[in-house]
Visitor: 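Provided herewith is a single structure, encoded as structure tokens, for subsequent inquiry.
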Amino acid sequence: MNTTQPDTYAIDDTAGQTASQTVAAAIPEATGEVLVRYKGADISRAERQVLKDVNFTLHKGEFCYLVGRVGSGKSSLMKTMYADVPIDSAKEASVLGFDLLKLKKSKIPYLRRKIGIVFQDFQLLQDRSVAANLRFVLEATGWKKKAEIEERIEEVLKDVGMSNKSYKMPHELSGGEQQRIVIARALLNKPDLIIADEPTGNLDPQTGVQIVRLLHQLAAAGHAVLMATHNLQLVEDFPARTVRCSDRHLN
């Protein structure tokens, strides 16, 4: 990604400002490059159509909420973006310059390296430290030089305000701390697109606010962020573009 990013995205709990005031000042209008474009896309899971005629675009630097009931297709839509779920048919389906309708299996890893994924259930390796979790991802995605690997780990932990936790094991961290590590992991390869699937679902309300604020800061720094959530209070407190999965359509 060419956008110059700040030295840190560390969570800013500035006293005297509401969440919505802070975010409204930080989020740019969606005027950047189109990173995701779907036209007339149909999506199925287990031979059941979950979404049809999806029309959707996401721009560089844009934050977008994806809301809807359980089973409405939110996760399925997100999974198509990193080629974990196929698209049945579409007039167009492109993500970060990759044509999903023609994407070969051998090219899927290259697509996924440009996407940061934040899971609700963390999916950290429990048998190794925070630093070792991040090192594993970098080595698996082609990083070779030890000094560069350690420098990048230090950078992303600073970005999420976790510089002093690199030696900790996942079970020694709170839920909010684990989710910050997951966001650090998503940032490792400097992704253009961050997909966050219910990232606050397992967190207490105060910690959830901190995580959403951080994701908004990442959008302000130039990443595109797509976040699925059931928490409409967060959507209200941190206003941004919102689309809804309902009755097999995206509205």
Side-chain angles (χ1 to χ4, degrees), residues 1-2 33-60 62 64 66 68 71-128 132-145 148-149 152-153 156 182-199 218 223-228 243 245 248 250:
M1 187 178 71
N2 296 325
E33 173 189 358
V34 175
L35 301 184
V36 179
R37 188 190 302 276
Y38 283 28
K39 292 183 180 179
D42 294 337
I43 300 167
S44 298
R45 296 294 300 273
E47 299 183 355
R48 181 180 71 87
Q49 187 177 63
V50 293
L51 288 169
K52 64 180 181 179
D53 196 26
V54 170
N55 296 292
F56 177 75
T57 57
L58 188 67
H59 295 76
K60 185 179 181 71
E62 183 179 14
C64 181
L66 188 59
S72 62
K74 300 188 303 298
S75 292
S76 296
L77 176 61
M78 297 174 111
K79 287 180 178 180
T80 65
M81 294 180 187
Y82 52 93
D84 194 45
V85 169
I87 292 175
D88 296 339
S89 63
K91 295 176 183 176
E92 182 179 353
S94 62
V95 175
L96 303 173
F98 291 82
D99 184 344
L100 298 181
L101 303 175
K102 299 178 180 178
L103 187 64
K104 297 180 180 179
K105 286 187 178 181
S106 61
K107 299 297 183 182
I108 291 176
Y110 297 97
L111 167 64
R112 291 179 179 173
R113 287 174 197 172
K114 299 179 71 174
I115 299 174
I117 303 172
V118 180
F119 298 101
Q120 176 180 344
D121 55 356
F122 313 139
Q123 297 191 17
L124 293 167
L125 301 172
Q126 298 296 313
D127 63 346
R128 61 197 74 189
N133 264 273
L134 302 182
R135 193 177 299 117
F136 174 82
V137 173
L138 288 172
E139 291 173 348
T141 53
W143 292 58
K144 303 293 184 184
K145 297 181 179 180
E148 292 180 359
I149 288 173
R152 186 59 185 149
I153 289 172
V156 295
V182 172
I183 294 173
R185 182 180 63 191
L187 291 172
L188 283 170
N189 284 304
K190 301 180 181 179
D192 293 311
L193 170 62
I194 296 173
I195 293 175
D197 193 355
E198 296 285 353
L218 293 175
H223 301 275
V225 178
L226 180 62
M227 173 181 159
V243 296
C245 291
R248 296 189 294 167
L250 200 64

Visitor: Hey, does L226 have a side-chain heavy atom less than 4.5 Å from the side chain of F56?
Guide: yes
Visitor: Side chain to side chain contact (heavy atoms under 4.5 Å, CB included) with V137: which residues, sequence neighbours excluded?
Guide: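 Scan of V137 (side chain to side chain contact (heavy atoms under 4.5 Å, CB included), adjacent residues dropped) gives R185, L188.
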Visitor: Residues in side-chain hydrogen bond (donor to acceptor under 3.5 Å, both in side chains) with R135, at least two apart?
Guide: E150
Visitor: For Q49, which residues count as a side-chain hydrogen bond (donor to acceptor under 3.5 Å, both in side chains) partner, sequence neighbours excluded?
Guide: R248
Visitor: Listed by chain and number, what are the side-chain hydrogen bond (donor to acceptor under 3.5 Å, both in side chains) partners of D197, not counting sequence neighbours?
Guide: S75
Visitor: Could you list the donor-acceptor pairs under 3.5 angstrom formed by side chains in residues 87-103, with sequence neighbours left out?
Guide:
{"from": "D88", "atom 1": "OD2", "to": "S44", "atom 2": "N", "distance (Å)": "3.3"}
{"from": "D88", "atom 1": "OD2", "to": "S44", "atom 2": "OG", "distance (Å)": "2.5"}
{"from": "S89", "atom 1": "OG", "to": "D42", "atom 2": "OD2", "distance (Å)": "3.4"}
{"from": "D99", "atom 1": "OD1", "to": "L101", "atom 2": "N", "distance (Å)": "3.0"}

Visitor: By side chain to side chain contact (heavy atoms under 4.5 Å, CB included), which residues pair with R128, not counting sequence neighbours?
Guide: L125, A132, N133, F136
Visitor: Kindly give the heavy-atom pair with the smallest separation between T80 and L77, and that separation in Å.
Guide: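 The answer is OG1-O, 2.6 Å.
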Visitor: Can you tell me if K74 uses its side chain to pair, donor with acceptor, with the backbone of C245 under 3.5 Å?
Guide: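 Checking the backbone N and O of C245 against the side chain of K74, no donor-acceptor pair under 3.5 Å is found.
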Visitor: So, using side-chain hydrogen bond (donor to acceptor under 3.5 Å, both in side chains) as the criterion, who are the partners of S76 when residues are at least two apart?
Guide: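 Listed in chain order: R45.
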Visitor: So, using side chain to side chain contact (heavy atoms under 4.5 Å, CB included) as the criterion, who are the partners of E47 when residues are at least two apart?
Guide: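 Result, side chain to side chain contact (heavy atoms under 4.5 Å, CB included) vs E47: none returned.
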Visitor: For A184, check side chain to side chain contact (heavy atoms under 4.5 Å, CB included) against everything at least two apart and list the hits.
Guide: V156, L157, V160
